[in-house]
Structures are given as structure tokens and as C-alpha cells.
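Data first, discussion second: the structure below is written as C-alpha cells.
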Protein chains: 2
Amino acid sequence: MSPAVSGYTQRRANRERVIAALRRQGAMTRAALANVGLSRSTIQNVIEELAEVGMVIEIGPYTASGLGRPPVLVGLRGSLGVTVGVEIANWTIRVAVCDLAQKLLLHTSAPGDDRADPVTTLTKASALIDEALARTGFRRDQVLGAGIALPGPIQRRTGLVGRACTLKPFVGVNCAKLAREVLRLPVLVDNDANLAAVAEVTWGVAKGCRDLAYVYSATGIGVGFVVNGNLYAGANGTAGEIGHTTIDENGLVCDCGGRGCLNTLANPDAIIRNLKQSHGAGLTIADVIALAHAGDAGCRRVLADAGRHIGVAAANMYNLLDPELIVIGGSLAPAGEILIDPLCESMARRAIHAGQALPPVIAGYLGEEAVVTGAAAAVLADADAFPLRPA
Amino acid sequence: MSPAVSGYTQRRANRERVIAALRRQGAMTRAALANVGLSRSTIQNVIEELAEVGMVIEIGPYTASGLGRPPVLVGLRGSLGVTVGVEIANWTIRVAVCDLAQKLLLHTSAPGDDRADPVTTLTKASALIDEALARTGFRRDQVLGAGIALPGPIQRRTGLVGRACTLKPFVGVNCAKLAREVLRLPVLVDNDANLAAVAEVTWGVAKGCRDLAYVYSATGIGVGFVVNGNLYAGANGTAGEIGHTTIDENGLVCDCGGRGCLNTLANPDAIIRNLKQSHGAGLTIADVIALAHAGDAGCRRVLADAGRHIGVAAANMYNLLDPELIVIGGSLAPAGEILIDPLCESMARRAIHAGQALPPVIAGYLGEEAVVTGAAAAVLADADAFPLRPA
DNA sequence: TATTTATGTATAGCTTAGTTATAAATGGCG
DNA sequence: CGCCATTTATAACTAAGCTATACATAAATA
């Protein structure tokens, strides 16, 4: 009687490849699994082994597949563990819990303080995680890892948070190291735009897309690139700072030290600043967007102007990178076509046409949950750094 | 007695992987070959087979390897075939012939006419190829394929040359299709900057580099990206149009329809234009650079200004992409630090510092041969599209 | 019922990880 | 200087297991 789960090197490696594929892409048919680079025979054997010990289960037939015998989805048993996403934004801390079957179990948030020191902020996040785990019935030792999103660039090699981070107390901090200590969990730290891009590719409007530019507006504007199905973060991990594209060489001074950066013209602060005279102080960007949808001409105008400015940077990005799809996410996304139409117009005026159509520009599906769920999805996707250990 | 070369599927596939690696990276040791993803045992078997039929040969011991038994380089027998590179620039047509051992055998050129129709230009190129083949002793049927470089974007799906191509008679033409007919050879067409980047990665300053941004100045300025060892050309194949980055919204009108594009400020034409008053007409960019090296203040100044403008675009590119290395190639490269120092200064002023050092900016090694040899190297590298057939 | 696609099962040939042996260099040491 | 330990490359062999292939079966559609 052979053991249910063989321990030989090659078999073990292939089991891990299958598990990694199921973590990253969710339940699949056996036939689709063969595309990870293993033969059907091997997939069959590996799935058999994993099903025997209860790590994968048949989810049920995959309908809507047209002709032929309906395939059956196999997926990881979700209850084997969870991943946690944490978004640390300037005024909010969000936490998401996600199971191994790529199901979002819970999403909570609490107000944050952008002047609080990192330990205080992370301690608050830790409490939110405990609460979320209690409500979903998981223990801390069932958490594979926590993904943490910050509004700024993070240097891959050293883990230090860059100066351009809009959450100033975190600048120069090794957030991953600190978070590991405070949260007592395996941790991953990345930029908010990068992680939101992961979420839109995992669950949202770009599901399955292999080449994506995801433009994310929060306090600043960043972009997350997915190239060939994987996040592209640059040599140092700091790619994506589209918010500091120079739009107007003689414009306002940006906190990066430059002048006329996109951030000084089109981030939510800049938009609200334009309305102070006419609409008074105290507006939030959500108010502006709501007013615009209700027909307020001033609000429509400032959003359109922001779209045009973003369009200039997007055209430069398009000329350089030729992405397949551009998704707009973050606080400006609810503006929809009020922002996107002028953006496209502005981009089209500056884009080099080789003959092909410009890439579609669409709003993300995931709203404010994009970043925090992306943080959880990034943990789910990184089966190497966050291995699933049988309890 | 088993056949020297087995015909079974798996073995054949692995032979092709080995051959592809040797074409792309040149002669390697058996140990290095194992890094293509096959075991040492398989490499051993495959090389044995290929050596037996004379497709690979032991080049000799690889010296300067430190401790241990010296490895022995194995490589493709160069004389099995050749690849051809063709550069169609605005005023020159260049041809290179390269053998399967990555050795450049010959490099010739002839004047071109940027108003001639594509058939005329390609016919002239065909004659140059014939002459080059005659001088190197190869027949046309020994040519695996010809790589053709054009000064503009080429749409991947349709093969059409984009409007931004500075060689106007080629705009809107399916150059690959036409060239196949005129040259009677398998053909690949790509942008000059992309192919020069391939050359610098294959033979030049970026040899072995896996992430590179190669800024190339000819009639316009373009950039070729190597990401993870492979050319990144974008969803449509038209990435890299850095020359149309908007630098001055109110600047000169560019032939792309925009205003103040980098090309209007820093390409060779623009540089020469700045010197017309003081230095008269008839200067070439090479003259300007020579005068600058000799101490001419005006020439130094306009080159420095061009460097500063390129630095603005390079900073935007750096903020977006965070490349590991930036190489300057093309007609401006001989200016060396006269151009590069101001470029770096300008880039540093606008780049977002996450904490890491900015990427090194260096001049390419390959000079005017970069593009044409890159075109040959691209054919060499694409073992799928240009298979080596035993004669 | 014919067609189509997914899955199940089996096998010959091949690849892999691992082990052991041999080859050929360097560097330290007597 | 020669000798020896060390280091790295190549070579040869084996058990485990992967791949391509073939064929059978299952379950849907037209």
C-alpha cells in the first residue's frame, strides 16, 4: 500500500505547482490545470493524491462550457487557512480576510490617523485583524500571511518605505520588519496601486488579463503594472510613480520637490482645492463626485480637468508601454465617464497612433475594497513566501 | 546501434531548447546550459547527440573561471548557417551577416534615400545582402532569416508601420510581407531602438543584463526595453515612443501632431537647428559632437541642453518603470559625458527617490553597428520563427 | 446518433534527482 | 618544488516518476 501522499522531490514540487496555481487562479478544471506546464497524466495523479488527503475538493461541474462533457472544477478546500489583507491609507485602516478558495470572507475598516507613528497604526491594525478572525472563526495560526498596502513606493531590497509615501510617519521605516513584530504574522508589504491591480486581475474587471495598467488615485496617483500575468514592480520595486509625471513645468511645487507633477493637478486634494472659492471648504472627493453626477457644472468641470491632466500622463505611459487595458481605480473611479471621457480625449490627442486602437479605459469594479482585497490576494498568489502547512 | 539523433517528441523538444539557448546566448559550458531548465544528465545526452552529428562543437576550455576543473564551452557550429540584419535608416542602408556562433562576419552600408518607395529601398538592400553573402561565402539558402530595422513603431498584429515612422514612404506599409517578397527570405521587422537594445544585450555594454532601457537617437528618439531578458514591445508591439513625451506643452509642433515633444527639442535635427545662426548650415550631428569634444562652447551647450531635455523624459520613464540600467545609443552616444552628465542631473532632479540610487546611465558600445547587428541577433534569438534546418 | 470535450487508465521512452567516480585546475604547506 | 586538500566540471548509473500517446469511457449538444 503506497502512501497517500508521496514525499519524493519531483512529485512534491509538482504538488506545489498545482497548489500554487489553485491559490493564484482559484478553482479550475483538470484540463485547465494542465496549462501550468504539467501533463494531464501528472495532473490526474497529483489531484488524486491531494483529494485523498482532503486538500482539494471537486467543486462541481463547470457549466456554460458549450459542447462536450462538462468539466469539473477542482479547488483548494477553503477552510484550510486564510490570508489577511491590510490597507493603511491616510485616514482609514481596512482589513480583509480571504480563504484559500479565493473567497472574500470579511471586510472591515476603522478610521486611521496619518500623523500616528507606525507602531500605533500597526497595533490598531492588529486589533482589527483579531476581530476579523474572531468573526470568521479562524485562529491566528491558520493565517498564511498578511499583505500590507501602503500609499507609497517600497524598496524591494531593503524594504524601506520611500520619501514619496503620502503617509509621512512611515517614510524611511522598514514596514515589513515592524509589521512582522507587531502582527506576529508572515508579512508582505507593497504599494497600494500594485495591490489593487492584483485585486482587479484576480476578481475584478481585469480578471484573467495578462497586461494591465491600473491607475489608482488615493492621496496621490500611482499605477500598478501587470506584465504577462505578473506584477511588474521595477528593478527596485518602485515602479509606478505616474503621479510625479511633470505635466506643467511651471506649475505648483509638489512635495517630491518637482513642479507641476500630475499629483499637484489631479489628485483629490487638488480637485477639492479648485472648488474652495465656489463651493466652500469641507467637501470630500466623494461629495464632489456625487454633486457632479447630480449635474453640478463646477464639479463636472474640475473632474473633467483632472481627467484631462491624467490623460496627458496616460498618453506618455501609453507611448512608452503600450498596455492592453487601462483601469481607473481609487477615489476618482466613481466619477465614471465624467472623468474618463475627457481623459480618453486628452490621451488620444497625445498618443502616438501606430494604427491600432488605443487601449480601453474603464473604471475598476472593486471600489474601496480593491486595495485591501488585493493585499490578501497577493499573499494568496505568493505560494513560495506563504506556504500552506498542513495543520 | 541506436540512431545518432533520436526522433522522439520529448528528446526533439529538448534538443531544440538547447539549440535555442546556444543561438540566443552563444557558446556555453554544459553546466551553464543546465540553467535552461533541463537536468545535467539530459544536457549531457543532448549535447552528445548534437556533437555526434556535428551541430555543436567543443569550442575549448573556458578560462578565467577560478577554482576547480575548467569548464569547456560548447557552441553551435557557426558555418551551419547565417542570419542577416538590415537597417533601413533615413539616409543609410546597412547590412550585417552573422553566423550561428554569434560572430559578426561582415558589416556593410550604402546610402539610402528617405523619399524612395519601399520596393526600391528593399531592392537596394537585397543587392547589399547578395554582395555580403558572396563576400562571406554563404548561399542564400543558408540564411535562416533577415531582421529588418525601421525607424518607427511596427504594429505586431497587422505588421503595419505606424505613422510615427520617420521614414515616410514606409508609413502604412506591411514591411514584413513586402520584404519577404523582395528579399525572398524569412523576415522579421522591428523598431530600430528595440533591435539595438537586443544588440547591446547580446554583445555590448549590457551583455547579460536582464532589465534594460536603451534610449536610441536617430532621426527621432526611441527606447527599447528588455524586461527579464526579453524584449518588451507592448500589447501591440509599439511601446518605446519616448520621443513623443511632452516636454513643453507650448513648444514646437511635432510631426505627430503634438506640441513640445522630446523629438522637437533633442533629436539631432533640433540640435543642429539651434546652431544654424552661430555655426551656419550644413553641420551634421557628428560634426557638432566633434566640435564639442574639441571645446566649442556653443556645441557643448546645445548638447547639454538636449541631455537635459532627455533627462526630463528619462525621469518620467524612471518613475514609471524603475529600470536597472539606462544605455544611450545612436547618433548622440558619441557625445559621452557632454550629453550624459546634464542628462543625469536633469533626471535626478525630477526622479522620485525611494531611497535607492538612480540607475547607471552609460553610452552603448556598439556605435552605428548597434541596430543592424541587433537585427541579426533578433533572428538568431528567435529559434522558433527561424528554425535551423539541416541542409 | 454523431460529434465534441473531459476524464480515466495504461505504457514505452525519457527526464530527473541523487549518488558516485573521475578530471583538472588552484592554493596552502612542508 | 612536489604533494595534498579543495573546488568545480564532466561522466556514468539508477530508481522514481513525468510525458506523449493511445484507447476507453462519460456526458453534454446538435
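Just so it is clear, the values below take in all heavy atoms, side chains as well, and ignore hydrogens, waters and symmetry mates. A note on names: the letters A, B, ... follow the listed sequences, proteins ahead of strands, and every chain is numbered from 1.
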Can you tell me the distance, in whole Å, between the [atom1] atom of [X] and the [atom2] atom of [N]?
| X | N | atom1 | atom2 | result |
| --- | --- | --- | --- | --- |
| A:Gln44 | C:dT9 | CD | P | 7 Å |
| A:Glu48 | D:dC18 | CD | P | 13 Å |
| A:Asn14 | D:dT19 | CG | C1' | 11 Å |
| A:Arg17 | D:dT19 | CZ | P | 8 Å |
| B:Leu73 | D:dA9 | CG | P | 12 Å |
| A:Arg15 | D:dG17 | CZ | C1' | 13 Å |
| A:Arg11 | C:dT16 | CZ | P | 16 Å |
| B:Ile43 | C:dT15 | CD1 | P | 10 Å |

Please give the angle, rounded to 10 degrees, between the axes at the start and the end of the helix from C:dT1-D:dA30 to C:dG30-D:dC1, where five pairs define each axis.
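Inter-axis angle at the ends, rounded: 20°.
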Shortest non-hydrogen contact from A:Gly147 toward A:Ala375
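Reported closest heavy-atom pair: O-CB, 3.2 Å.
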What closest approach, in Å, do A:Glu200 and A:Tyr214 show between heavy atoms, and which atom pair accounts for it?
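Looks like CG-CE1, 3.3 Å.
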What distance separates B:Asp99 CG from B:Phe138 CZ, expressed to the nearest 0.5 Å?
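The CG atom of B:Asp99 sits 6.5 Å away from the CZ atom of B:Phe138.
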If you round to the nearest 0.5 Å, how far is CG of A:Asp141 from CZ of A:Arg184?
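The CG atom of A:Asp141 is 11.5 Å from CZ of A:Arg184, to the nearest 0.5 Å.
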Of the candidate nucleotides D:dC18, C:dT7, D:dA12, which contains the atom at the shortest distance from the side chain of A:Val72?
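The nucleotide sitting nearest to the side chain is C:dT7.
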Report which part of the nucleic acid A:Asn45 touches: base, sugar-phosphate, or nothing (heavy-atom distance under 4.0 Å, all strands).
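Since no nucleic acid heavy atom lies under 4.0 Å of A:Asn45, the category is nothing.
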According to side chain to side chain contact (heavy atoms under 4.5 Å, CB included), who are the partners of B:Thr158, at least two apart in sequence or on a separate chain?
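For B:Thr158 the side chain to side chain contact (heavy atoms under 4.5 Å, CB included) partners, ignoring immediate neighbours, are B:Gln155, B:Leu160.
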State which residues pass side chain to side chain contact (heavy atoms under 4.5 Å, CB included) with A:Val201; sequence neighbours excluded, sorted by chain then number.
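Only A:Ala206, A:Leu212, A:Val226 meet the side chain to side chain contact (heavy atoms under 4.5 Å, CB included) criterion with A:Val201.
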Within-4.5 Å side-chain heavy-atom neighbours: A:Val72 and A:Thr29:
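Contact flag for A:Val72/A:Thr29 side chains = no.
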Tell me, for nucleotides 2-7 of chain D in 5' to 3' order, what letter each nucleotide earns: B for a base near a protein heavy atom under 4.0 Å, S for only sugar-phosphate near one, - for neither?
-----B
Which pairs count as salt bridge (Lys or Arg N to Asp or Glu O under 4.0 Å) when at least one residue sits in residues 26-44 of chain A, sequence neighbours excluded?
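Output for this query lists A:Arg30-A:Glu58.
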Go through residues 24-41 of chain B and report each residue with a non-hydrogen atom lying under 4.0 Å from DNA chain C, sorted by number.
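Hits under 4.0 Å, by residue number: B:Gly37, B:Leu38, B:Ser39, B:Arg40, B:Ser41.
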Strictly below 4.0 Å: does B:Gln10 bring a side-chain N or O up to OP1 or OP2 of D:dA20?
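No, outside the criterion.
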Using distance alone, with no hydrogens and no angle criterion, decide if B:Arg24 and B:Asn230 have a side-chain donor and acceptor under 3.5 Å apart.
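Side-chain D/A pair, B:Arg24 to B:Asn230: present.
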So does B:Arg15 pair up with B:Glu49, basic N to acidic O under 4.0 Å?
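Yes, charged N to carboxylate O under 4.0 Å.
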With A:Ile43, which of A:Ile47, A:Asn45, A:Val46 fulfils side-chain contact (heavy atoms from CB on, under 4.5 Å)?
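One option only clears the test, and that one is A:Ile47.
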